[in-house]
Amino acid sequence: MIHIFRKGSDESMPTLVLFHGTGGNEHDLLPLAGLLAPGASVLGIRGNVLENGMPRYFRRLAEGIFDEEDLIFRTHELKQFLDKAAAEYGFDSGNLVAVGYSNGANIAGSLLFHYGGIFRSAVLLHPMVPLRGLNLPSLKDVAVFIGAGTNDPIIRREETEELESLLREAGAEVTMLWGNQGHRLSSAEAEAARDWLKQQSNFR
């Protein structure tokens, strides 16, 4: 998978795994990572599915309707890539933080739905429920920050609240932040996520 790895100056910090939105690439969230956790190592991954030439992490059938078979396949593919990347670059695969926006937040959520504590913490910005009808693994040691828009034209409030409930029911500690910037990633979200991350046990 096309990716970029930048070794941080503080090896005691978790590695941030970055998942861009539709049409983005492995570089898109590097500035956000620098704000969230200066000094941390960063792994940016480009989605390897194209939709009208735009990179994504999995196919969709229409706006908001996922190709679930492809989503499941890509989720397992990413897990294998993360294991290989940890071995290649020498970061701790047990101390990862997911940072995902939109389509990237959805694939990060799917990784949590399938692999439980693959991430110690996850920053999910404008996510949807990746899959329904799954028996989720325990997320009791996982902390999740969700940034959402009350006026998001793509994601209904009920969808976000459903995701929050599913994560909580699996044991995750969930922090919600509602804004009014539509589907756009706002500076207020980024700053709130930064402050939240500082409170997580793997950042102390």
Side-chain angles (χ1 to χ4, degrees), residues 14 16-24 28-38 40 44 47 56-58 60 62-66 71 96-114 116-134 136 138-204:
L16 271 58
V17 184
L18 310 180
F19 300 99
H20 61 77
T22 298
D28 274 18
L29 297 183
L30 291 176
L32 176 61
L35 171 71
L36 293 178
R56 283 176 53 86
Y57 292 99
F58 57 88
R60 59 183 170 182
E63 184 77 64
I65 302 176
F66 301 158
L71 170 56
L96 302 179
V97 173
V99 180
Y101 165 64
S102 193
N103 178 241
N106 295 336
I107 195 69
S110 183
L111 282 160
L112 288 173
F113 274 32
H114 284 88
I118 182 172
F119 304 117
R120 293 276 301 279
S121 308
V123 175
L124 306 181
L125 304 169
H126 301 268
M128 298 175 69
V129 177
L131 287 163
R132 293 177 171 86
L134 290 182
L136 269 59
S138 173
L139 296 171
K140 68 181 182 65
D141 295 321
V142 178
V144 180
F145 175 95
I146 297 177
T150 56
N151 57 345
D152 192 319
I154 297 175
I155 305 169
R156 296 177 300 111
R157 184 184 183 106
E158 293 81 8
E159 174 103 11
T160 305
E161 291 172 341
E162 181 184 353
L163 176 61
E164 178 187 7
S165 295
L166 289 169
L167 292 169
R168 288 189 189 279
E169 288 167 7
E173 177 188 316
V174 183
T175 297
M176 282 292 315
L177 178 74
W178 291 96
N180 61 354
Q181 301 297 314
H183 196 65
R184 185 174 68 85
L185 172 59
S186 70
S187 57
E189 280 179 332
E191 291 166 2
R194 174 199 60 197
D195 295 342
W196 174 83
L197 272 177
K198 289 178 181 178
Q199 303 303 313
Q200 302 312 304
S201 59
N202 53 334
F203 273 78
R204 295 174 189 164

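Only heavy atoms go into these numbers, but all of them, side chains included; no hydrogens, no water, no symmetry mates. Predicted model, so just to flag it, every value in this text is computed and none were measured. Positions are given from 1 along the sequence.
Across every non-hydrogen atom of His126 and Ala148, the tightest pair is CE1-C, 3.9 Å. Nearest heavy atoms, Ala192 versus Leu177: CB-CD2, 3.6 Å. A pairwise comparison of heavy atoms in Gly109 and Pro130 identifies C-CG, 3.8 Å as the closest pair. Annotation for Ser110 and Leu131: closest pair OG-CD1, 4.2 Å, computed over non-hydrogen atoms. Scanning all heavy atoms of the two residues, the minimum distance from Leu139 to Gly117 falls at CD2-N, 4.4 Å. Heavy-atom minimum distance, Gly116 versus Val142: O-CG2, 4.2 Å.
The shortest distance between side-chain heavy atoms of Asn103 and Arg60 does not fall below 4.5 Å. A 4.5 Å side-chain heavy-atom check between Phe19 and Leu124 finds every atom pair outside the cut-off. At least one side-chain heavy atom of Thr160 sits less than 4.5 Å from a side-chain heavy atom of Trp178. At least one side-chain heavy atom of Leu167 sits under 4.5 Å from a side-chain heavy atom of Ile146. The shortest distance between side-chain heavy atoms of Glu189 and Gln181 does not fall below 4.5 Å. A 4.5 Å side-chain heavy-atom check between Pro127 and Asn106 finds at least one atom pair inside the cut-off. Using a 4.5 Å cut-off on side-chain heavy atoms (C-beta onward), Glu169 and Leu166 make contact. Within the 4.5 Å cutoff, no side-chain heavy atoms of Phe145 are placed close to those of Leu197.
To the nearest 0.5 Å, the span separating CD on Glu162 from CZ on Arg156 amounts to 8.0 Å. Here the straight-line distance linking atom NE2 of His183 with atom CD1 of Ile155 works out to 5.0 Å at 0.5 Å rounding. Leu35 CG to Leu30 CG: the interatomic distance, rounded to the nearest 0.5 Å, is 13.0 Å. Atom CZ of Arg184 sits about 9.0 Å away from atom OH of Tyr101, to the nearest 0.5 Å. The distance from the OG1 atom of Thr22 to the CD1 atom of Ile154 is 8.0 Å, given to the nearest 0.5 Å. Distance check, rounded to the nearest 0.5 Å: CG of Leu111 to CD1 of Ile107 gives 5.5 Å.
Checked by atom type and distance alone, the side chain of Tyr57 pairs as donor or acceptor with a backbone atom of His20 at under 3.5 Å. For Ser165 (side chain) and Glu161 (main-chain N/O), a donor-acceptor pair under 3.5 Å exists by modelled atom type. Side chain of Glu159 to backbone of Val129: a donor-acceptor contact under 3.5 angstrom is found.
Under the 30°/60° scheme for interplanar angles, the aromatic rings of Phe58 and Phe66 are found to stand perpendicular.
Results of the side chain to side chain contact (heavy atoms under 4.5 Å, CB included) test with Leu32 over Val123, Val99, Leu16 single out Val99 as the only residue that passes.
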As a quick check of understanding, evaluate side chain to side chain contact (heavy atoms under 4.5 Å, CB included) for Phe113 and Leu163, giving each step before the final call. CA-CA 11 Å; Phe113 274 32; Leu163 176 61; 3.9 Å; yes
